[in-house]
Number of protein chains: 2
Amino acid sequence: MSQALQPATETTDPRILRSRRMLMDSLATLLKTREFEDISVHEITDEAKLNRATFYLHYPDKSALLLAMTEVRFRELIERRGISFTDCDRALDAIVLGVCDYLIEVTGCPVKGALIPLEGSIIPVVEGMFREGLSRHGAAGGVDSELLATTVAWAIFGGARRWFQTPNRVAAEEMAGKIAAMVKPVFLNGNQ
Amino acid sequence: MSQALQPATETTDPRILRSRRMLMDSLATLLKTREFEDISVHEITDEAKLNRATFYLHYPDKSALLLAMTEVRFRELIERRGISFTDCDRALDAIVLGVCDYLIEVTGCPVKGALIPLEGSIIPVVEGMFREGLSRHGAAGGVDSELLATTVAWAIFGGARRWFQTPNRVAAEEMAGKIAAMVKPVFLNGNQ
DNA sequence: ATGCGAAATAGACAAATGTCGATTCTAGAA
DNA sequence: TTCTAGAATCGACATTTGTCTATTTCGCAT
């Protein structure tokens with residue numbers, strides 16, 4: 001019934017942690033060979049050396065695993081770079097670049113035609129970062145800062161996604177700069 | 001293999017047209033009772049009085065049908081309102097309102113928790129409209145107008161989607177105004 | 001009206017999905 | 001160390017999915 005609430009469950013049980021880590025690692029490995037749609041739950045648990053039933057103990061379906069995996073890995077990538085909001089412009093640039101880089105990181109080198117449903121996992125994370133940034137600085141006058149965060153997050157993901165799907169794309173840094181510049185006025189204008 | 005190219009096939013054969021229309025209508029009907037994930041291809045063809053194999057003659061899977069259906073219906077809704085680009089501001093407002101209204105139209109009254117993967121069908125249509133508008137007017141100086149169209153389309157959809165998922169939401173017109181105002185500066189800024 | 005090509009149907013198939021009950025194993029507390 | 005809750009395994013199940021090979025039906029041009 002798509003009640004994907006398990007992954008949010010806080011737990012310290014090493015067995016649970018291990019199983020979930022194994023499943024995520026397994027999916028990450030398989031994603032470098034096949035496309036998401038062509039990977040079965042059986043293959044994932046096989047690679048992870050787990051029973052297939054164990055999979056369903058943690059995730060309602062493979063999309064939920066992808067979502068959980070992406071969230072963890074994208075967060076890691078972002079935190080590895082330690083984005084701070086002391087300089088908002090810099091933070092924006094870093095976040096956009098992070099999205100671009102992650103798209104490459106997660107789906108190996110070959111340009112796949114498939115449009116993996118990553119928006120469900122990346123966008124909320126980006127959104128959260130903007131919410132945090134907005135609550136600290138420029139908490140926008142008349143504008144709903146929640147809506148602002150959502151809108152900008154989608155805009156960035158959409159732009160990055162287009163770039164990623166482009167056959168012979170320019171460098172991630174270049175594209176990130178363009179997207180950031182394009183999106184910036186939304187923040188500025190919001191304050192008056 | 002997700003080679004969903006059939007729907008793009010131009011045809012005049014009444015049998016093909018009829019089958020596709022039946023399938024779309026059937027899905028639209030079922031969507032008012034169940035969530036997308038809980039509807040099987042068998043149920044769709046059953047409701048449409050067609051053989052299950054016929055389904056696969058037209059669409060590779062049910063997501064492709066949803067995509068095709070959404071594209072057709074969303075385009076209809078937009079064209080029913082006859083958006084023109086004589087006044088860009090007005091066009092932007094109308095497009096945003098169209099997205100908000102369509103989200104309601106497609107998924108009945110009850111607020112479903114499910115996030116139907118509509119972005120794949122609505123966003124490209126919105127994107128196309130902006131591309132058209134940009135090619136006529138303000139074809140942006142230094143900015144890539146393709147990227148601009150994509151980015152804005154995602155921003156709008158993301159905003160509308162957030163609004164749609166909000167428990168007790170404000171009127172579509174009000175939200176559409178807020179989103180349009182938020183997004184507008186992206187266009188203006190692009191020209192210098 | 002007749003025949004051709006293509007669309008629709010029918011039935012079958014292997015594989016994948018999501019769920020279940022029963023059993024075994026294990027982390028952490030007593 | 002022993003005990004226990006619950007995590008993992010196992011085998012099985014009904015459904016669903018996507019694909020096939022006939023076979024039948026139908027639109028349309030001749």
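Here is how names work: the chains are called A, B, and so on, in the same order as the sequence lines, proteins then strands, and each is numbered from 1. Quantities reported herein were computed from a predicted structural model and do not represent experimental measurements.
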For this session: Go through the N and O atoms of the side chain of A:R52 and the base of C:dG18, and report whether any donor-acceptor pair is under 3.5 Å.
Result: yes
Problem set entry | Rounded interatomic separation in angstrom, taking NZ from B:K62 and P from C:dA16 | 18 Å
Exercise. Starting at CE of B:M22 and ending at C1' of C:dA7, how long is that distance when rounded to a whole Å?
Worked result: 15 Å
Exercise. Rounding to a whole Å, what distance do you find between B:F36:CZ and D:dT16:C1'?
Worked result: 14 Å
Problem set entry | Any donor-acceptor N/O pair, A:S19 side chain to A:R15 backbone, under 3.5 Å | yes
Exercise. A:E43 CD to C:dA15 C1': how many Å, rounded?
Worked result: 11 Å
For this session: Check whether any side-chain nitrogen or oxygen of A:T54 sits under 4.0 Å from OP1 or OP2 of D:dA7, and answer yes or no.
Result: no
Exercise. Just how far, in rounded Å, is P of D:dC20 from CZ of B:F55?
Worked result: 16 Å
For this session: Would you kindly compare B:T12 and B:I39 by the position of their nearest DNA chain D nucleotide and give the one closer to the 5′ end?
Result: B:I39
For this session: Would you mind reporting whether A:L27 and A:L31 have side-chain heavy atoms less than 4.5 Å apart?
Result: yes
Seminar exercise, completed: Among the nucleotides D:dC10, C:dT17, C:dA10, whichever has the atom closest to the side chain of B:A53 is C:dA10
Exercise. Does OP1 or OP2 of D:dA8 have a side-chain N or O of A:H58 closer than 4.0 Å?
Worked result: yes
For this session: Taking A:R169 for its side chain and A:F164 for its backbone only, find out whether a donor-acceptor pair lies under 3.5 Å.
Result: yes
Problem set entry | B:D13 CG - C:dC4 C1' separation (whole Å) | 14 Å
For this session: Any chance you could measure A:R21, atom CZ, to A:M69, atom CE, to the nearest 0.5 Å?
Result: 15.0 Å
Problem set entry | Distance test, side-chain N/O of A:S19 to OP1/OP2 of D:dA8, below 4.0 Å | yes
For this session: Could you tell me whether the phosphate oxygens of C:dT19, OP1 or OP2, come under 4.0 Å of any side-chain nitrogen or oxygen in A:Y56?
Result: no
For this session: Tell me which of B:L17 and A:P14 sits closer to the 5' end of DNA chain C, going by the nucleotide each one is nearest to.
Result: B:L17
Exercise. Do any side-chain nitrogens or oxygens of B:N51 fall under 4.0 Å of OP1 or OP2 in C:dA10?
Worked result: yes
For this session: Rounded to the nearest angstrom, tell me the gap between atom CD1 in B:I16 and atom P in C:dG5.
Result: 17 Å
For this session: Provide, to the nearest angstrom, the distance between the CZ atom belonging to B:R15 and the C1' atom belonging to D:dT25.
Result: 8 Å
Exercise. Does the side chain of B:E127 pick up a donor-acceptor pair with the side chain of B:T150 at under 3.5 Å?
Worked result: yes
